[in-house]
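Count residues from 1 along the sequence. This structure is a prediction, so every number in the text was calculated from the model and none was measured.
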Amino acid sequence: MTYNDEYFMKIAIEQASKARAEGNEPFGAILVKGDEIVKIAENKVHTHSDPTYHAEIGLIRDFCSENQLFDLQEYTLYTSCEPCVMCSGAMVWSNLGKLVYSVEHDQLAEIAGDNIMISCEEVFGKSPMQPTVAGPVLNEEGLKVFDGYTFGE
């Protein structure tokens, strides 16, 4: 069976809801090769007391370590929100093939307030390795995860 971006994005958004329910920031991500989900992750900054444990970074770190590889050219990463500068950098260094996101960084800036708000496209544009980028996908569903949410709650 062939799946589409909406199918995989629903799973990433579910992970964001799960992260929020567990007391973390509401972000989720999945890694796909072909039509197979190879890794699912959620934000764990609070449960791991690690400000770098964003869903995307945790997913890339764990998957690459578990599989002893550095090159994700054949993979697509679906994330509930356009990635931050740190996560975008990890995507560059892992040579990610494609990124698909739901909530745009400008939308997150309105929700989160003051933060480092540089689009992933800006980071990728100044990088030697540039994943293909698609988004927003299922934007309304992605935004619902933030309903009533206050960062640092």
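Residues Ala19 and Glu25 share a closest heavy-atom pair of CB-O, 3.4 Å. Considering every non-hydrogen atom in both Ile118 and His105, the closest pair reads C-CD2, 4.3 Å. For the residue pair Ala55 and Ala41, the shortest heavy atom distance occurs at O-CB, 3.5 Å. Of all heavy-atom pairs between Arg20 and Tyr149, the closest is NE-CD1, 3.3 Å. Taking all atoms of both residues into account, the shortest heavy-atom contact from Asn139 to Ser102 is ND2-O, 2.9 Å. Nearest heavy-atom pair, Leu138 versus Glu6, reported as atom, atom and distance to 0.1 Å: CD1-O, 3.4 Å.
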Exercise for the section: Tell me, with the steps shown, if Leu99 and Thr79 meet side chain to side chain contact (heavy atoms under 4.5 Å, CB included). Expected result: CA-CA 8 Å; Leu99 165 71; Thr79 181; 3.6 Å; yes
Practice task
Please assess Ser94 against Leu72 for the test side chain to side chain contact (heavy atoms under 4.5 Å, CB included), listing each intermediate value before the final yes or no.
Solution key: CA-CA 6 Å; Ser94 65; Leu72 299 180; 3.6 Å; yes
Practice task
Start with the C-alpha gap between Ile11 and Ile37, add the side-chain angles, then the distance that decides, and say whether side chain to side chain contact (heavy atoms under 4.5 Å, CB included) holds.
Solution key: CA-CA 10 Å; Ile11 298 167; Ile37 297 170; 3.4 Å; yes
Practice task
I would like to know whether Glu141 and Lys10 meet side chain to side chain contact (heavy atoms under 4.5 Å, CB included); could you show each step before the answer?
Solution key: CA-CA 8 Å; Glu141 291 89 334; Lys10 284 181 185 177; 5.7 Å; no
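With values rounded to the nearest 0.5 angstrom, Cys87 atom SG is found 11.5 Å from Leu96 atom CG. Rounding to the nearest 0.5 Å gives a distance of 9.0 Å between CZ of Phe70 and OG of Ser65. From Gln15, atom CD reaches atom CD1 of Ile30 across 8.5 Å, with rounding to the nearest 0.5 Å. Summarising the geometry, atom CG belonging to Leu77 is positioned 12.5 Å from atom NZ belonging to Lys39; distances are rounded to the nearest 0.5 Å. Between Leu69 atom CG and Asn95 atom CG the span is 11.0 Å, to the nearest 0.5 Å. Atom CG of Asn43 sits about 10.5 Å away from atom NE2 of His48, to the nearest 0.5 Å.
For the pair Thr52 and Arg61, the minimum side-chain heavy-atom distance is below 4.5 Å. The shortest distance between side-chain heavy atoms of Cys81 and Leu108 falls below 4.5 Å. Using a 4.5 Å heavy-atom threshold, the side chains of Thr76 and Leu31 count as separate.
Under the 6.0 Å cut-off for aromatic ring centres, Phe27 and Phe146 qualify, their centroids lying closer than that. Here the two rings, on Tyr101 and Tyr78, have centers that are 6.0 Å apart or farther.
Take Lys44 and apply the salt bridge (Lys or Arg N to Asp or Glu O under 4.0 Å) test, not counting sequence neighbours, and it matches no residue. Residues meeting the salt bridge (Lys or Arg N to Asp or Glu O under 4.0 Å) test with Glu82, sequence neighbours left out: none. Under the salt bridge (Lys or Arg N to Asp or Glu O under 4.0 Å) criterion, Lys98 pairs with Asp5, not counting sequence neighbours.
Heavy-atom contacts from other residues, nucleotides or ligands closer than 6.0 Å to CD of Gln73 number more than 12. Around the CD atom of Glu66, the shell of radius 6.0 Å holds more than 12 heavy atoms that belong to other residues, nucleotides or ligands.
Taken together through direct or relayed side-chain contacts under 4.5 Å among Ile, Leu, Val, Met, Phe, Trp and Tyr, Ile57 and Val45 form parts of separate hydrophobic clusters. Placement of Leu59 and Phe124 within a single hydrophobic cluster is found when ILVMFWY residues are connected by side-chain heavy-atom separations under 4.5 Å, directly or transitively. Note: the hydrophobic cluster containing Val123 does not contain Trp93 (ILVMFWY, side chain heavy atoms under 4.5 Å, direct or indirect links).
Checking side-chain atoms of Ser127 against main-chain N and O of Met129 turns up no donor-acceptor pair under 3.5 Å. Using a distance-only test at 3.5 Å, with no hydrogens or angles considered, a donor-acceptor pair links the side chain of Asn24 to the main chain of His46. Here the side chain of Glu110 pairs no donor or acceptor atom with the backbone of Gln107 at under 3.5 angstrom.
Using bins of under 30°, 30° to 60° and over 60° for the plane-to-plane angle, the ring pair Tyr75/Phe63 lands in the perpendicular bin.
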